[in-house]
Participant: 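Handing you a structure now.
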Amino acid sequence: MTTLLLLLAIIILTLLFFGKGKVWLRYWRLLTAIPEPQPGHWFTGHLSYFSDRLRVGEVRLKWKKTFPRLYRYGAGFGMSLVNVTHPETVAVVLRSSNCPKLELFYGFLRPWLGDGLLVSNGRKWARDRRLLTSCFHFDILRAYIDVYTDAVGIMLQKWSQACADGTSVDVTDSATLLTLDVMLRCAMGFESNCQLETDSKASRAAQYADAVVKIAHSVPVRNINVLHFFDFIYFNFTQVGRDVLKLIRTTHDMSCHLIKERRAALQVESEDAPDTEQRYRDFLDVLLTVKDEDGKGLSDEEIREQVDTFLFRGHDTTASALQWTVYYLGQHQTLQEKCRSEVMQVLDVDTIDGGQGKLTHDSLGELLYLTQFLKESLRIVSPVPFIGRQAGHEMPVGDHTIPIGCKIEVPIFDIHMSEDHWPEPKKFDPDRFSPERSKDRHPFAFVPFSAGPRNCVGQAMAMDELKTSVALILSRFRILPDPSQPDPKWQPAMIARPSPNIKVCLEEL
């Protein structure tokens with residue numbers, strides 16, 4: 001009997017081995033058929049080419065010229081990533097409903113964001129996406145124009161003081177605080193005063209705002225050390241990891257406190273008279289009341305995860321886009337004047353005498369050339385340089401097939417710098433986005449907000465905030481380069497931050 005059981009076990013293990021072996025053999029055959037730039041190191045792959053983080057873009061563009069549709073490279077530990085670099089190959093990946101987010105890219109955010117929309121996959125993502133889409137309804141976004149205007153006004157007052165003092169302004173720091181201020185108000189109705197309170201210990205609100213910024217900035221730094229890839233080591237045996245964990249707890253505690261307060265406040269509001277004056281609805285209002293098709297809402301933990309996701313993705317990406325746009329305005333004075341002329345016409349003012357013209361949500365749609373300028377800035381420096389996916393099925397792409405389970409990278413920077421779709425790609429030219437020159441362009445040649453079913457749910461809000469911010473800046477100041485500052489380069493990380501910080505000189509109008 002024992003011999004029979006042993007024989008049976010051997011047969012089962014052999015079948016399992018050869019079954020898995022066939023799967024792995026096919027995976028390896030399909031993967032190695034995809035070209036690579038040159039043979040990589042057996043352990044570190046091609047990571048040595050990325051040692052200079054500020055030159056990563058140049059290396060990848062060189063590879064793209066050799067392999068214009070897709071290629072693979074070694075990412076260390078024997079792991080390979082397939083880069084899709086042509087709009088047609090990008091479309092195959094981003095249009096797929098069975099190509100989930102790549103844990104390698106987004107897993108570092110899970111301790112903070114949990115299963116928020118940025119990190120989740122599968123049925124949970126699909127349900128949450130349906131529920132959260134209502135947060136970006138036109139009527140809700142329409143009311144945020146006053147929030148943007150008020151927050152930008154605070155920043156411009158600080159810039160006015162810098163003008164009076166004859167100093168340049170740090171656009172990177174200003175944009176980060178501005179967009180965080182906006183997102184705290186729009187996500188939770190939270191008046192943090194983060195643009196005014198520079199001391200992070202001054203109040204609980206300032207501590208929260210400071211924690212959000214520091215956590216967001218810790219993610220790309222964590223990528224540098226392989227040992228920090230592991231949560232257990234990072235959070236238990238490194239000082240920086242323990243510090244980040246404390247910051248995460250600070251944000252979670254504050255978010256939970258605000259959720260409980262708002263839930264109680266909504267209960268009181270529902271019992272008030274119908275003519276009670278209502279404030280604008282923020283994300284938290286929507287998340288507390290939204291229901292799925294089964295009549296089930298979101299738990300407090302799920303709400304916290306989504307609010308934290310909005311804060312991170314909403315403030316960091318918009319801050320990146322805003323600071324690079326201000327930089328390019330300073331670099332191109334003629335284009336800046338063209339943008340300003342349009343803004344003044346929409347505001348219906350000739351000069352702004354210490355005040356601001358009135359923008360409405362409808363008038364944002366009249367800023368046509370400014371929109372082209374913003375899109376060109378987003379093309380040259382996309383706030384999110386890379387998107388990570390994992391093939392949930394075999395994906396035929398031209399003459400090759402991406403195997404199931406393969407890790408895929410969509411390098412937005414490479415796509416936006418393709419000479420095939422963008423003549424003279426390094427030239428700053430907003431007219432690329434004129435209706436005449438845009439009509440025949442491949443829809444996946446410009447993807448700053450991703451595309452397909454997992455595109456950015458908040459892209460309309462981001463563009464509204466950017467147009468409002470830039471329009472009000474141009475109505476108050478002429479932007480000039482700071483001659484003492486070197487040209488900034490974007491750092492290849494989860495968000496395209498400049499190095500060094502972007503600084504400009506201003507002339508008040």
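Below, all heavy atoms of this structure are taken into account, side chains as well, without hydrogens, waters or symmetry copies.
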Participant: I would like to know whether Thr179 and Glu465 meet side chain to side chain donor-acceptor pair (under 3.5 Å); could you show each step before the answer?
Facilitator: CA-CA 9 Å; Thr179 56; Glu465 184 181 350; 5.2 Å; no
Participant: Hey, is the main chain of Pro383 close enough, under 3.5 Å, to the side chain of Thr317 for a donor-acceptor pair?
Facilitator: no
Participant: Any side-chain donor-acceptor pair under 3.5 Å between Ser96 and Asn98?
Facilitator: no
Participant: Say whether, by atom type as modelled, one donor and one acceptor occur between the side chain of Ser450 and the main chain of Asn455 under 3.5 angstrom.
Facilitator: no
Participant: Parallel, tilted or perpendicular: which describes the rings of Phe283 and Tyr144, with under 30° parallel and over 60° perpendicular?
Facilitator: perpendicular
Participant: Checking side-chain polar atoms at under 3.5 Å, does His257 have a donor or acceptor matched by the opposite partner on Glu261?
Facilitator: yes
Participant: Considering all heavy atoms of both residues, which atom of Pro486 and which atom of Pro500 are nearest to each other, and what is their separation?
Facilitator: CG-CG, 3.8 Å
Participant: Can you list the steps and then say if Thr251 with Asp308 is a side chain to side chain donor-acceptor pair (under 3.5 Å)?
Facilitator: CA-CA 8 Å; Thr251 63; Asp308 288 342; 4.7 Å; no
Participant: Given Gln323, which partner from the list Ser377, Ser174, Pro488, Pro498 fulfils the side-chain contact (heavy atoms from CB on, under 4.5 Å) test?
Facilitator: Pro498
Participant: Give a yes or no on whether a salt bridge exists between Lys214 and Asp243, defined as a side-chain N under 4.0 angstrom from a carboxylate O.
Facilitator: no
Participant: Ignoring hydrogens and geometry beyond distance, is a side-chain donor-acceptor pair present between Glu409 and Tyr73 at under 3.5 Å?
Facilitator: yes
Participant: Give a yes or no answer on whether the side chain of His416 reaches the backbone of Val447 with a donor-acceptor pair at less than 3.5 Å.
Facilitator: yes
Participant: Does the ring of Trp159 carry Arg476 above it, NZ/CZ under 6.0 angstrom from centre and within 45° of its axis?
Facilitator: no
Participant: Looking at CH2 of Trp324 and CD1 of Ile502, how far apart are the two atoms once the value is rounded to the nearest 0.5 Å?
Facilitator: 4.5 Å
